[in-house]
Q: 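The structure follows.
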Amino acid sequence: MEDDMDIKTTIVNSLSAVLADELNNTEIKNLLEVPKSSKLGDYAFPTFILAKSRHQAPQKIAQELVEQLDHEPYEKIEATGAYVNFFLNKGNFAEATLQTILTSGDQYGDSQVGQAGNVPIDMSSPNIAKPMSMGHLRSTVIGNALANIYKKIGYQPIKINYLGDWGTQFGKLIVGYHKWGSEAEIKEDPIGNLLKYYVHFHEAAEKDPELDDEGRAWFKKLEDGDPEATHLWEWFRGLSLAEFQKIYDRLGIEFDSFNGEAYYNDKMDPVVDELKAKNLLQESRGAQIVDLTDENLTPALIKRSDGATLYITRDLAAATDRYNKFHFAKSLYVVGSEQTEHFKQLKAVLKKMGDDWSDDIIHVPFGLITKDGKKLSTRKGNVVLLDKVLDEAVDLAKQQIAAKNPDLAHADQVAHQVGVGAVIFHDLKNDRLDSFDFSLGEVVRFEGETGPYVQYSNARAQSILRKAKREVNLDDVLNLADPNAWDTIKYLADFPAMVLRAANEYEPSVIAKYALRLAKTFNKYYANSKILVEDDQLNARLALVKATSQVLQQSLALLGVQAPDEM
RNA sequence: GGCCCCGUGGCUCAGCUGGAUAGAGCAACGGUUUCCUAAACCGUAGGUCAUCAGUUCAAAUCUGAUCGGGGUCACCA
């Protein structure tokens, strides 16, 4: 970043020296661009804007500027068409970039823009007694990546798993368990059997609507603190959590809090009271609502006509609680895009309550995953179980290792890293908002633009470093002049800017795409240039290999993907 | 119907605050291993950037309309 800024400033100053009468520094800076191909140069200045005032052809202006400019700080300056193209001094730039990266180590790209502000992140949020599907994966891995990215730029992320652990479904579950379940069955396969009772309940309730009343009655008991209901709830919740934990362990993701919906049960009354006190609550069709027509939103339903609370009531309590606890700089909600309206309502209600911090609540939506074009639904059996996908991916990775690298040490561990890495990376590489239809073949692919491709590139880099049998010496030559290496060096210098962009856009895919691009140029580099040759550039080449490996590892780490040294 | 998102080669997608001949990956076809792991690299073929109009010296990118797909529109979360 520093280097990038310095270079841009240098170029702006150069241009300013000959254009001071026509354009100021900011204008020049905004016009500067990076050519599509580095054959055209490293930075370009388009001259179209001067054509009018000078009454000259842009091509001619470009040529004139090249003649007037001071060429000294650059390798060369050329006029190509209407552009003035600047070529950086490659040796110097390589030296500075590699020096910065290798001395900063894992801190390369760190910044303090967050000023240690708290950033609670609402993420993952699976429902108790239901299996985790591919749908939950998105929220989980996006939230985790954003936590890593925000930490890197100086914030204090707080990962909150807002479990779906309350609601009428628990009454239904209890009824289902009483009618068809057994302790032994549940111990054998907790989630599988709880889900079975739940599905069974819904089937039975179709024919016998009285079951629904029974379910509601048991939920009422639960709310009233009935000992049996409470005991069963705690039991189901604990079992589910243990199952979830296995998946989180496989993914390598940890949380700072598991405060789910149940946690806010006793925190809703104060919010409702406050709404009442501020005259925001009104009755409509028997329900209590906050009118939001002035915000062009549908009314927020705070209490049902039977007096029960709703999703937004709990979320209001949760948001307030999080603010009181953390005084957050931002509060992120990594929740599907189908809930966009809900978060608009949430913010609008908080705003009406006078909570200005509602501006810092940010919904980070993501696109829907479908299966055969249809929305995933646990009840309808249209599910893609996350556990199964991970199994499949790890199995495939094992097969790949057996075929390609049979002598690999710790093969099982690497298979896990590669298989899981492929699944996570696949979910993060595209724009958050893109919806996609689930395809196992696509998710567990290891070739082309995939996580394993990046991992492989890093493993190759590590392999070269091992074979070098010497350390990179930062006091020795670093001014790598090989043209094949140039794109890699420039991309390496881009990393800090990419981290900031990913944070600003709440978009982990920025990092994923960056890692792919860096891996690709690096692969191209070492396919065309031999690294391990004894000459005066060996140290510089090894420095590049090391720096690349380091940045690839950092990028993967930000995404929550592991990077094996060998694969 | 109102509001929101999306529409780029057979498939999946990049294209940053508008700029130089629209880029990748997969699939297809051909090539590269006595050479640092062929999970790689190189090449060939494939696109009127949904359509129309507007703004601009310049539009895949900005504006409006049309068509097509998805989401959402109070007592689920």
Side-chain angles (χ1 to χ4, degrees), chain A residues 30-31 33-37 40 44 46 48-49 51-52 58 80-83 85 125 127 162 164 166-169 261 284-289 292 296-312 314-315 335-342 344-345 365 367-368 370 373 375 397 400-401 403-405 407-408 418 422 429-431 433-437 439 441-442 445-457 459-468 497-498 501 505 509-510 513 516-517 519-520 523-533 545 566-567:
Chain A
N30 290 336
L31 284 167
E33 58 185 82
V34 177
K36 287 179 185 171
S37 160
L40 289 166
F48 303 102
I49 196 163
K52 244 184 194 169
T80 309
Y83 293 84
N85 291 331
S125 313
N127 293 317
Y162 190 50
W166 202 250
T168 323
Q169 74 256 33
E261 295 171 29
S284 169
R285 300 182 212 169
Q288 298 291 315
I289 66 154
L292 298 171
N296 206 10
L297 292 168
T298 50
L301 254 176
I302 305 296
K303 277 200 168 180
R304 288 196 321 216
S305 41
D306 67 358
T309 56
L310 285 140
Y311 181 43
I312 196 163
R314 230 180 306 277
D315 252 6
V335 180
S337 59
E338 66 271 22
Q339 289 191 35
T340 300
E341 190 82 358
H342 165 74
K344 283 186 185 163
Q345 291 181 325
L368 216 57
T370 53
K375 203 172 162 172
Q400 293 281 322
I401 290 167
K404 294 171 190 294
N405 199 353
D407 301 327
L408 181 65
V418 172
K429 84 171 170 194
N430 286 341
D431 254 53
L433 281 167
D434 287 352
S435 298
F436 65 90
D437 199 63
S439 148
E442 189 62 23
R445 221 185 64 215
F446 297 160
E447 292 164 1
E449 296 172 325
T450 65
Y453 175 87
V454 179
Q455 289 174 320
Y456 177 77
S457 309
R460 291 295 302 271
Q462 284 298 319
S463 169
I464 292 170
L465 292 172
R466 274 195 304 275
K467 294 208 163 147
M498 290 297 132
R501 197 180 135 202
E505 296 175 11
S509 71
V510 168
K513 282 167 190 152
L516 283 171
R517 214 176 48 188
K520 195 173 171 56
N523 281 334
K524 190 180 280 204
Y525 164 62
Y526 75 72
N528 290 300
S529 292
K530 178 95 178 152
I531 311 282
L532 298 178
V533 182
V545 174
E566 287 181 77
M567 63 187 270

Q: If I compare all heavy atoms of A:Ala44 with all of A:Pro35, which pair ends up nearest, and what's the gap?
A: CB-CG, 3.9 Å
Q: Please report the distance separating the P of B:C29 from the corresponding atom of B:U21, rounded so that it comes out in whole Å.
A: 33 Å
Q: Rounded to whole Å, please give me the gap between CG in A:Leu532 and P in B:C36.
A: 10 Å
Q: For A:Ala44, answer base if it contacts any base atom (sugar-phosphate contacts may also be present), sugar-phosphate if it contacts only those atoms, and nothing otherwise; contact means non-hydrogen atoms under 4.0 Å.
A: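 Since a base atom lies under 4.0 Å of A:Ala44, the category is base.
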Q: Classify the nucleic acid contact of A:Ala287 as base, sugar-phosphate or nothing, counting any heavy atom under 4.0 Å across all strands shown.
A: base
Q: Write down the distance between CZ (A:Arg314) and P (B:C75), rounded to a whole number of angstrom.
A: 16 Å
Q: Taking the side chain of A:Leu40 as its heavy atoms from C-beta onward, which of B:U21, B:A14, B:U37 lies nearest to it?
A: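 Of all the options, the side chain of A:Leu40 is nearest to B:U21.
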Q: Quote, to the nearest angstrom, the P distance that separates B:U12 from B:A58.
A: 34 Å
Q: Measure CG/A:Asp437 against C1'/B:C11 and give the value in whole Å, please.
A: 12 Å
Q: To the nearest angstrom, how far is A:Asn528 atom CG from B:A40 atom C1'?
A: 12 Å
Q: Starting the side chain at C-beta, find the nucleotide from B:A14, B:C36, B:C41 nearest to A:Tyr453.
A: B:C41
Q: Let me check I have this right: for RNA chain B, each base becomes ., (, ), [, ] or |, based on Watson-Crick or G-U pairs with both distances under 3.5 Å. What is the full string?
A: (((((((..((((.....[...)))).(((((.......))))).....(((((..]....))))))))))))....
Q: Output the rounded distance in Å from CG (A:Asp315) to C1' (B:C76).
A: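 That distance rounds to 13 Å.
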Q: Quick one: on RNA chain B, does A:Glu33 or A:Lys524 contact a more 5' nucleotide (nearest heavy atom)?
A: A:Glu33
Q: Under 4.0 angstrom, heavy atoms only, what part of the nucleic acid is A:Ala403 near: base, sugar-phosphate, or nothing?
A: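 Contact class for A:Ala403: none.
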Q: Roughly how many Å apart are B:U17 and B:G25, using the C1' atom of each and rounding to a whole number?
A: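 Pairwise C1' distance, B:G25 against B:U17, rounds to 27 Å.
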Q: Would you tabulate the pairs of protein nitrogen or oxygen atoms and nucleotide nitrogen or oxygen atoms of nucleotides 69-73 of chain B closer than 3.5 angstrom?
A:
none

Q: Is there a donor in the side chain of A:Tyr162 and an acceptor in the side chain of A:Asp315, or the other way round, less than 3.5 Å apart?
A: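 A pair is found: one side chain offers a donor N or O, the other an acceptor, under 3.5 Å apart.
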Q: Determine, step by step, whether A:Ile312 and A:His342 satisfy the side-chain contact (heavy atoms from CB on, under 4.5 Å) criterion, reporting the C-alpha distance in whole Å, the side-chain angles of both residues, the deciding distance to 0.1 Å, and the verdict.
A: CA-CA 7 Å; A:Ile312 196 163; A:His342 165 74; 3.9 Å; yes
Q: Hey, are A:Gln345 and A:Thr298 close enough side-chain-wise for a donor-acceptor pair under 3.5 Å?
A: yes
Q: Looking across every strand, which nucleic acid part, if any, lies under 4.0 Å from A:Thr80 by heavy atom: base, sugar-phosphate, or nothing?
A: base
Q: With A:Ser509 as reference, evaluate A:Leu433, A:Asp431, A:Asn430 under the side chain to side chain contact (heavy atoms under 4.5 Å, CB included) test and give the passing residue.
A: A:Asp431
Q: Output the single nucleotide from B:A14, B:U37, B:C76 whose closest atom is nearest the side chain of A:Leu310.
A: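 So the side chain of A:Leu310 is nearest to B:C76.
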Q: Counting heavy atoms from C-beta on, name the nucleotide in B:C75, B:U21, B:A39 closest to the side chain of A:Ser305.
A: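 The answer is B:C75.
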Q: Does A:Lys404 have a side-chain nitrogen or oxygen under 4.0 Å from the phosphate oxygens OP1 or OP2 of B:A39?
A: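 For A:Lys404, the contact criterion (side-chain N or O under 4.0 Å from OP1 or OP2 of B:A39) is met.
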Q: Looking only at side-chain N and O atoms, does A:Arg501 come under 4.0 Å of OP1 or OP2 in B:U17?
A: no
Q: What integer number of Å spans the C1' atoms of B:C16 and B:C4?
A: 24 Å
Q: Which heavy-atom pair separates A:Pro46 from A:Leu31 by the least distance, and what is that distance?
A: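 Between these two residues, the closest heavy atoms are CD-O, 3.3 Å.
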Q: Heavy atoms only, 4.0 Å cut-off, all strands: where does A:Lys530 land among base, sugar-phosphate and nothing?
A: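 Base, at least one base atom sits under 4.0 Å.
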Q: Students often get this wrong, so: under 4.0 angstrom with heavy atoms, is A:Pro35 touching a base, only sugar-phosphate, or nothing?
A: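 Touches a base.
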Q: If the P atom of B:C62 is compared with that of B:U8, how far apart are they to the nearest Å?
A: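 My reading of the P atoms in B:C62 and B:U8 gives 15 Å.
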Q: Could you run down the sub-3.5 Å N/O contacts of the protein with nucleotides 56-58 of chain B?
A:
unit_1, atom_1, unit_2, atom_2, d
B:C57, OP1, A:Lys52, NZ, 2.6

Q: Across the strands shown, which category fits A:Ile401 at heavy-atom distances under 4.0 angstrom: base, sugar-phosphate, nothing?
A: base
Q: Scan for salt bridge (charged side-chain N to carboxylate O under 4.0 Å, His left out) pairs involving residues 445-454 of chain A, sequence neighbours excluded, and state none if there are none.
A: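 Passing the test, one end in residues 445-454 of chain A: A:Glu442-A:Arg445.
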Q: Give a yes or no answer on whether the side chain of A:Asn405 reaches the backbone of A:Met567 with a donor-acceptor pair at less than 3.5 Å.
A: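 Yes, because the side chain of A:Asn405 sits within donor-acceptor range (under 3.5 Å) of the backbone of A:Met567.
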Q: How is A:Asn85 classified with respect to the nucleic acid when contacts are heavy atoms under 4.0 Å: base, sugar-phosphate, or nothing?
A: base
Q: Counting any heavy atom closer than 4.0 Å, what does A:Ser439 reach on the DNA or RNA strands: base, sugar-phosphate only, or nothing?
A: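 A:Ser439: no heavy atom of the nucleic acid under 4.0 Å.
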Q: For A:Thr370 and A:Asp437, which I'm curious about, is there any donor-acceptor pair between the side chains at under 3.5 Å?
A: yes
Q: Give a yes or no on whether A:Asn296 atom CG has more than 12 heavy-atom contacts from other residues, nucleotides or ligands under 6.0 Å away.
A: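 Incorrect, the count does not exceed 12.
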Q: Counting heavy atoms from C-beta on, name the nucleotide in B:C13, B:U37, B:C41 closest to the side chain of A:Ala527.
A: B:C41
Q: Students often get this wrong, so: under 4.0 angstrom with heavy atoms, is A:Asn30 touching a base, only sugar-phosphate, or nothing?
A: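 Result for A:Asn30 = nothing.
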Q: Give the rounded distance in Å between these two atoms: CG of A:Asp434 and P of B:U8.
A: 11 Å
Q: For RNA chain B, whose closest nucleotide is more 5', that of A:Ser284 or that of A:Gln400?
A: A:Gln400
Q: Considering every strand and a 4.0 Å limit on heavy-atom distances, what is the contact class for A:Ile531: base, sugar-phosphate, or nothing?
A: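 Base, at least one base atom sits under 4.0 Å.
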Q: In whole angstrom, give the distance that lies between atom NE2 of A:His342 and atom P of B:C75.
A: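 These atoms are roughly 14 Å apart.
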Q: Take atom C1' in B:C67 and the same atom in B:A53, then report the distance between them in whole Å.
A: 15 Å
Q: Would you mind classifying the nucleic acid contact of A:Val418 as base, sugar-phosphate or nothing, using non-hydrogen atoms under 4.0 angstrom?
A: base
Q: Can you check the distance between B:C49 and B:A38, where both ends of the measurement are the P atom (answer in whole Å)?
A: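 Approximately 40 Å lies between the P atom of B:C49 and that of B:A38.
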Q: Is A:Gln455 touching bases, backbone alone, or none of the nucleic acid, heavy atoms closer than 4.0 Å?
A: nothing
Q: Provide the distance between the two P atoms, one in B:A50 and one in B:U44, to the nearest whole Å.
A: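 Between the two P atoms, the distance is 26 Å.
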Q: Under 4.0 Å: is that the gap between some side-chain N or O of A:Arg466 and OP1 or OP2 of B:U37?
A: no
Q: Tell me what A:Asp431 touches on the nucleic acid: a base, only sugar-phosphate, or nothing, going by heavy atoms under 4.0 Å.
A: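 Here A:Asp431 touches the backbone only, sparing every base.
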Q: Apply side chain to side chain donor-acceptor pair (under 3.5 Å) to A:Gln462 and list each qualifying residue two or more places apart in sequence or on a separate chain.
A: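 Residues passing side chain to side chain donor-acceptor pair (under 3.5 Å) with A:Gln462: A:Ser549.
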Q: Looking only at side-chain N and O atoms, does A:Tyr526 offer a donor or acceptor that is under 3.5 Å from a partner on A:Asn523?
A: yes
Q: Nearest-Å distance, OH (A:Tyr526) to P (B:C42)?
A: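 Rounded to the whole Å, the gap is 11 Å.
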Q: Could I get a table of every N or O pair under 3.5 Å where one atom is in the protein and the other is in nucleotides 22-28 of chain B?
A:
unit_1, atom_1, unit_2, atom_2, d
B:A24, O2', A:Glu449, OE2, 2.7
B:G25, OP1, A:Lys520, NZ, 2.9
B:G25, O4', A:Glu449, OE1, 3.3
B:G25, O2', A:Arg445, NH2, 3.0
B:G25, O2', A:Glu449, N, 3.3

Q: Between A:Lys429 and B:A14, is there a contact of a side-chain N or O with OP1 or OP2 at under 4.0 Å?
A: no
